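The structure appears right after this line, and notes come after that.
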Amino acid sequence: MASPARGRADFGRALCVITGASRGFGRALAKQVSGLVRAGSVLVLAARSADDLQTLRAELTQSGASPPGLVVQCVAADLGSAQGVESVVTTCKAAFTEDIDHVFLINNAGALGDVSRYLKGFTDMTEVNSYLSLNVSSMLCLTASVLQAFPPRPGLRRTAINVSSLTALQPFPSWVLYCTGKAARDMMFRVLAEEQPDVRVLNYAPGPLDTEMLRNAVSRTADPTIKKSFVDLYAKGEVLTCEASSSKLMKLLLEDSFTSGAHVDFYDI
Ligand code: NDP
């Protein structure tokens, strides 16, 4: 792990984009990031639920933990569409100021997809494309657009995070859409790390989190073994809070000693 000398105390004067910030892990990330940025930073929070984003915005701007002058921009958009991605990028460009020294993108938004069927049930290409559009294409296009909008310059750090999963590495029966999406996202970011050594790139698997997504997984998973593994996690009290996992990610990012492009799991840290 990092030597203290390499660690950072905060994320600097950042433009930080968090997708899927309306609830669950993204919401916890927004709260913790807001306490670790300097005055003059901008948070761009994206999701479809405008009201939930506004509630979070009010909490962050009124919180004593946020730095003075923190700007929080909400983008109520469907990231499964090109327009949704464009609206996030437009907001980022408008919010950027020359004294920002860190562009920080957290690709967190995602969907479980239908886990009630096995692979042989997925014959509808429109359904599959729609899933990949949100979970893979939008992350690629958003990351590319942000990197293009804020090219390298002296004094500007750039960080890109993919909220990944164990399923990027391990096949879960009846989770074909989810596993495919997460595996693709990890590889996308491994390529990015190879192409752009100046960008700090991370695939972070947050562990099993007590969110709407995991609760849906428990109730809807077709495969009995996978389903039981989630039921057992709850029964044994092994499901994590979003705050605990987000804290570990913050620690990892501040220590800044991970290999760019690596897949790091909550349980590895
Ligand atoms: P939730 O379902 O609780 O939250 C998902 C977030 O993504 C919400 O803010 C939702 O906002 C947003 N989102 C969903 N669809 C869209 C869309 N079309 N456009 C814009 N935003 C969208 O999930 P989690 O918090 O559990 O998951 C967050 C990330 O963590 C995901 O990438 C997930 O795969 C990953 N993960 C989760 C694990 C878990 O155990 N929960 C384990 C490993 C990884 P809205 O509905 O307002 O649009």
Side-chain angles (χ1 to χ4, degrees), residues 17-32 44-57 74-88 91 105-115 129-139 141-143 161-170 172 175 177-186 188-189 202-221 226-227 229-234 238-246 248-249 263-268:
V17 186
I18 304 175
T19 66
S22 60
R23 61 170 190 267
F25 192 50
R27 195 169 200 283
L29 289 170
K31 287 188 163 188
Q32 293 191 0
V44 176
L45 308 176
R48 290 166 301 177
S49 315
D51 290 350
D52 292 342
L53 290 178
Q54 288 300 338
T55 305
L56 177 59
R57 179 178 183 277
C74 299
V75 185
D78 181 354
L79 290 172
S81 74
Q83 298 94 304
V85 173
E86 278 161 25
S87 58
V88 177
T91 303
L105 169 62
I106 307 184
N107 290 289
N108 166 76
L112 184 60
D114 189 348
V115 291
N129 284 342
S130 162
Y131 182 84
L132 295 175
S133 202
L134 168 63
N135 293 280
V136 179
S137 312
S138 79
M139 171 170 143
C141 296
L142 179 61
T143 305
I161 312 296
N162 161 33
V163 178
S164 180
S165 160
L166 177 62
T167 59
L169 310 177
Q170 280 183 23
F172 281 28
W175 282 40
L177 291 179
Y178 193 80
C179 293
T180 302
K182 289 300 189 192
R185 288 162 63 114
D186 265 37
M188 184 195 301
F189 265 31
L202 178 68
N203 293 304
Y204 175 67
L209 308 172
D210 186 22
T211 65
E212 196 172 310
M213 185 179 285
L214 192 61
R215 291 189 286 273
N216 284 335
V218 172
S219 61
R220 296 186 190 157
T221 296
I226 299 293
K227 187 179 179 112
S229 68
F230 288 117
V231 171
D232 288 350
L233 278 177
Y234 271 105
E238 288 173 356
V239 172
L240 306 169
T241 64
C242 291
E243 291 70 26
S245 185
S246 174
K248 275 214 183 171
L249 175 58
H263 174 104
V264 179
D265 194 282
F266 173 89
Y267 295 106
D268 298 338

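Quick note: numbers below take in every heavy atom, side chains included, and nothing from hydrogens, waters or symmetry partners. Every number for a ligand or one of its atoms is a count from 1 in the order of the listing. Just so it is clear, the model here is predicted, and its values are computed rather than measured.
- Using a 4.0 Å heavy-atom criterion, the residues that approach ligand 1 are Gly20, Ala21, Ser22, Arg23, Gly24, Phe25, Ala47, Arg48, Ser49, Ala77, Asp78, Leu79, Asn108, Ala109, Gly110, Leu134, Val163, Ser164, Ser165, Tyr178, Lys182, Pro206, Gly207, Pro208, Leu209, Thr211, Glu212, Met213, Leu214.
- Side-chain atoms of Ser133 come within 3.5 Å of backbone N or O of Gly80 as a donor-acceptor pair.
- Below 30°, between 30° and 60°, or above 60°: for Trp175 and Phe172 the angle between ring planes is between 30° and 60°, a tilted geometry.
- Judged as a salt bridge (charged side-chain N to carboxylate O under 4.0 Å, His left out), not a single pair has a partner in residues 76-86 (not counting sequence neighbours).
- Phe266 pairs by the ring pair (Phe, Tyr, Trp, His ring centres under 6.0 Å) definition with nothing, not counting sequence neighbours.
- Judged by distance alone, the side chain of Asn108 and the main-chain N or O of Gly20 form a donor-acceptor pair under 3.5 Å.
- When the side chain to side chain donor-acceptor pair (under 3.5 Å) test is applied to Asp52, no partner is found at least two apart in sequence or on another chain.
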